[in-house]
Amino acid sequence: MTEIQQTPTPVPAPAPTLATVTVLPTARPADDVDTEAAVLDSARQVLADVTAPAPVEMPVDKTVDLDAFDDAPLLPAWMKSPDGWAAYAGVFYRARRRGFRRWVRRQNTERGHVRQFGRGTRRAHEWVIGFEGVRVQGAAHTAHVLTREARAAARSARFTPRILGAKKELAMKAAEKTQKAAEEAVALHKKARKDRNRVRNLRAGVVYGPPLAAIGGGYLATGLLGAAAGTLATFAGGAFAGRSPYEEEADWSADWRSLGDGDRMSAPLLDASFKAAKVIGSDETLRIVQMPMLDARGAWSTVVDLPPGIPAKKAMRSVDELAAALGVETAQVSVSKKGRSGRIELYVSKELPFTEKAKPGPLLAIEGATNFWGRISIGPDVRGLHQSIAVVERSGLVGGEPGAGKSASGNTILLSAALDPRVILWLADGKGGGDLEPFEPLCEEFEGDADPEAFYEMLQAAIADMKRRYALLKKLGKRKVDESLANKHPELRQKLVWVDELMFYTTDEEYGKKITKGLRNLVSRGRAAGIVTFCATQKPGSDVVNTSLRDLLSIRWALRCTTPEASDTILGKGAAASGYSAKNIESEMRGAGLLWAEGTNPILVRADYYTDEQVNELLERAADLRTEAGTMPRGPLSLPQQLRELGDDDARILAAVVEEFAARSAAAGEELDWLPGAVLLAALKEGGLDVTAEKLGALVVRTEDEKKAKRAWEGSRVSGYLLARVEATITGRYGLTA
């Protein structure tokens, strides 16, 4: 035993960075000094101010046996304080919390308790079933065969004539022999069934008896609490029985499983899938750049490098083959180039995308006006990320087969433009079906009758406006229209020209080529003048969308198409061969399409959806915004309004006469075609117009028969003026009609 002599030494004054505390567990100071309290106070003081050391003078026994620790561990004195015990307990709390998190993460694996219970239940059931069924099936087959032979032998013996003698006797003996064999086979089958049922019942009692006894006994003993305890015990027993996962070689279907069967995406699965799709050779492998991972939507994504010499477009062209190898639909697989030619990003959705109910569009949450000069919300992509585009100095083409959601997709752009009160709307509905009719009150120009001649005139007016814009830009010394310039000069505000069902216009025999030429002129030159042109069609063929026009439309949105050629008409030649074909979009994915607006490759997006009620609500808000901003276009003027705008005295008199006819007709509940002259003169006087009977007669010239004709009016017969004569006067003098 070693003894060490220790004497207290003065503590130096330099500022320490840590407090050093020495505790001698076997030495006890004087009774009047609380060593633990002193050490704890010292530690607190030093931790509170490390620049001011607080040395503690403790009486220490000069002879301390450092080896006499008994079996107790060396613990700091502060650990025995309340703060120390709290810190010590926190370690266990954090350990339990980490353990619980690990347990939660494990539940989704093969060692999760639910899967363990499932395996245990299957194993127990397989043990109960056993292999006796094979013996029963064999005995049943033998019994069936011998029974048929006995039946055939008995029939042969029965119909053999007795005059044949020996043959009859041989037939009878054969029948008896086969009958005896059949009876023995039937008896063996019955015995095998009996043995099988007996063994199965015994095993079932062993397997299912204890759980039923535990649950039933617990319920009888303590009610639902006991039943719950019995159920928990049963679950624990089943999980214990299935604690070991199946070995890989024991899974006979392992070679046939795929991502669609619920397997996890792994490097071996990717190699096998790309080999099956003939993207890589049988002796080649992929290099994993980003490990396969699941996102919040349950979809798998990974980034891989193809073997040297294999370009990314080969994998992009083999989307159908990859989807078949992965066991999913083609629309669930997205392959895109990632950074360089030989690197691709593979994204596989858990389910067919865009089949769930569409969420409310973001425009419903906007209280004020939109900004058509900024980015326009389009909709989510397959990853759930919201996509937006900019249409400034651009133009677009939207196409797809009927029922693909073209009208709903177009609403995302039209509503964004309508909610910006600065945007001028010129719409043409070649379908004439009323899809654009709710927008008509907001339009300065609207062609809704599917009339190629009227649309051609509208197109010429747009080209004339484009020329006026360029003349103003030249005068201002500007090259193109931007937002600040349009705000200063209202005549340079953005204009959206939307052509729905382009096919009806471009295929017209008389105006088709003229319209195509005019659109090409407007699209190519109008962008810098603040004119944005969008065309939509249900039949995207080369005879509908001329390539010279399509190549000028920088934004392409291909909804579901029936052929790859139709998809290429929208996206451009060769897009389908590169793996971007709208033919792969399923019919359940309404509103989904390949959008090529920005970047090097199209992306699959689903347009924001707005119901008819929501569209009307947004258009009412747009009308309020435009009325407040003073940009609401005037609707068709009535005949009196047209007359008053002429600024002529006679025109004002005729306007008052027409209004009096309308007021009297409304009061009478029927349309009046005649009014007395005195009534019209009185109405003119009330309106502040000093008109005599002679002046009115000179203004509205009547025939002699009309002057002499008298009609009953308030108990007397008087002459008057016909409404038809008044309207004929207005048409003949001013060229206006009602």
Side-chain angles (χ1 to χ4, degrees), residues 357-380 386-392 396 398 405-450 458 462 483 486-487 490-491 493-501 530-536 557 590-591 606-638 641 666:
K357 184 178 180 181
K359 298 180 180 179
L363 294 179
L364 296 171
I366 299 177
E367 296 182 358
T370 59
N371 183 11
F372 205 63
W373 287 95
R375 301 188 68 83
I376 300 173
S377 171
I378 294 296
H386 215 84
Q387 300 295 324
S388 60
I389 62 174
V391 298
V392 177
V398 182
K406 178 178 59 63
S407 299
S409 302
N411 282 342
T412 59
I413 301 174
L414 288 172
L415 289 173
S416 298
L419 288 171
D420 188 343
R422 302 169 297 178
V423 178
I424 303 171
L425 297 178
W426 284 32
L427 308 185
D429 189 359
K431 186 164 52 178
D435 290 340
L436 300 181
E437 187 176 353
F439 294 86
E440 183 176 4
L442 307 179
C443 299
E444 289 194 0
E445 294 287 341
F446 184 81
E447 200 290 296
D449 298 329
M458 172 180 167
E483 185 176 4
N487 292 335
E491 56 270 39
R493 291 182 296 149
Q494 266 186 317
K495 176 187 290 187
L496 174 63
V497 179
W498 183 276
V499 186
D500 196 6
E501 200 47 67
I531 300 177
V532 180
T533 306
F534 268 87
C535 301
W557 197 352
R590 292 201 60 181
R606 183 189 195 182
D608 295 325
Y609 177 71
Y610 300 93
T611 63
D612 293 342
E613 294 76 13
Q614 291 171 345
V615 169
N616 293 331
E617 176 186 346
L618 292 174
L619 291 179
E620 290 178 2
R621 188 196 307 171
D624 295 339
L625 291 171
R626 290 173 179 266
T627 302
E628 183 179 352
T631 58
M632 187 70 177
R634 294 189 303 176
L637 298 178
S638 63
Q641 290 174 334

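Along the sequence shown, residues are numbered consecutively beginning with 1.
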Taking side-chain contact (heavy atoms from CB on, under 4.5 Å) as the test, write out the residues that go with Phe446, two or more places apart.
Leu427, Leu436, Glu440, Cys443

Excluding sequence neighbours, so at least two apart, what forms side chain to side chain donor-acceptor pair (under 3.5 Å) with Glu445?
none

Euclidean distance, Ile389 CD1 relative to Ile413 CD1, rounded to 0.5 Å
5.0 Å

Any residue meeting ring pair (Phe, Tyr, Trp, His ring centres under 6.0 Å) with Phe534, in chain and number order, not counting sequence neighbours
Trp498

Suppose we screen for side-chain contact (heavy atoms from CB on, under 4.5 Å). Which residues come up paired with Gln387, at least two apart in sequence or across chains?
Asp381, Leu385, Ile603, Val605

Applying side-chain contact (heavy atoms from CB on, under 4.5 Å) to Ala622 and not counting sequence neighbours gives Ala418, Leu419, Leu442

Could you tell me whether Glu628 atom CD has more than 12 heavy atoms of other residues or ligands within 6.0 Å of it?
no

Suppose the criterion is side chain to side chain donor-acceptor pair (under 3.5 Å): which pairs have a residue in residues 422-436, not counting sequence neighbours?
Asn371-Arg422, Ser407-Asp435, Asp420-Arg422, Arg422-Glu483, Arg422-Asn487, Lys431-Asp435

Quick one: are Asp608 and Leu363 in side-chain contact, heavy atoms under 4.5 Å?
no

For the backbone of Leu618 and the side chain of Tyr610, can you confirm whether one donor and one acceptor N or O come within less than 3.5 Å of each other?
no

Step by step, work out the side-chain contact (heavy atoms from CB on, under 4.5 Å) result for Leu415 and Phe439.
CA-CA 9 Å; Leu415 289 173; Phe439 294 86; 3.9 Å; yes

So how far is it from Asn616 CG to Leu619 CG, rounded to the nearest 0.5 Å?
6.5 Å

Side-chain contact, heavy-atom cut-off 4.5 Å: Arg626 with Leu425?
yes

Is Ser409 reaching over with its side chain to a backbone N or O of Ala607, donor-acceptor style, under 3.5 angstrom?
no

With sequence neighbours left out, the residues meeting side-chain contact (heavy atoms from CB on, under 4.5 Å) with Thr627 are Met632

Applying salt bridge (charged side-chain N to carboxylate O under 4.0 Å, His left out), which residue pairs with at least one partner in residues 369-378 are found, sequence neighbours left out?
Arg375-Glu598

One should read off an interatomic distance between Thr533 OG1 and Leu496 CG, to the nearest 0.5 angstrom, of 8.0 Å

By salt bridge (Lys or Arg N to Asp or Glu O under 4.0 Å), which residues pair with Glu444, not counting sequence neighbours?
Arg493

Minimum-distance pair of heavy atoms, taken over all atoms of Gly430 and Ala450:
O-CB, 3.3 Å

Can you tell if the side chain of Thr412 reaches within under 4.5 Å of the side chain of Trp557, non-hydrogen atoms only?
yes

Nearest-0.5 Å distance, OG of residue Ser388 to CD1 of residue Ile376:
9.0 Å

Side-chain heavy-atom pair Phe372, Thr370 within 4.5 angstrom cut-off:
no

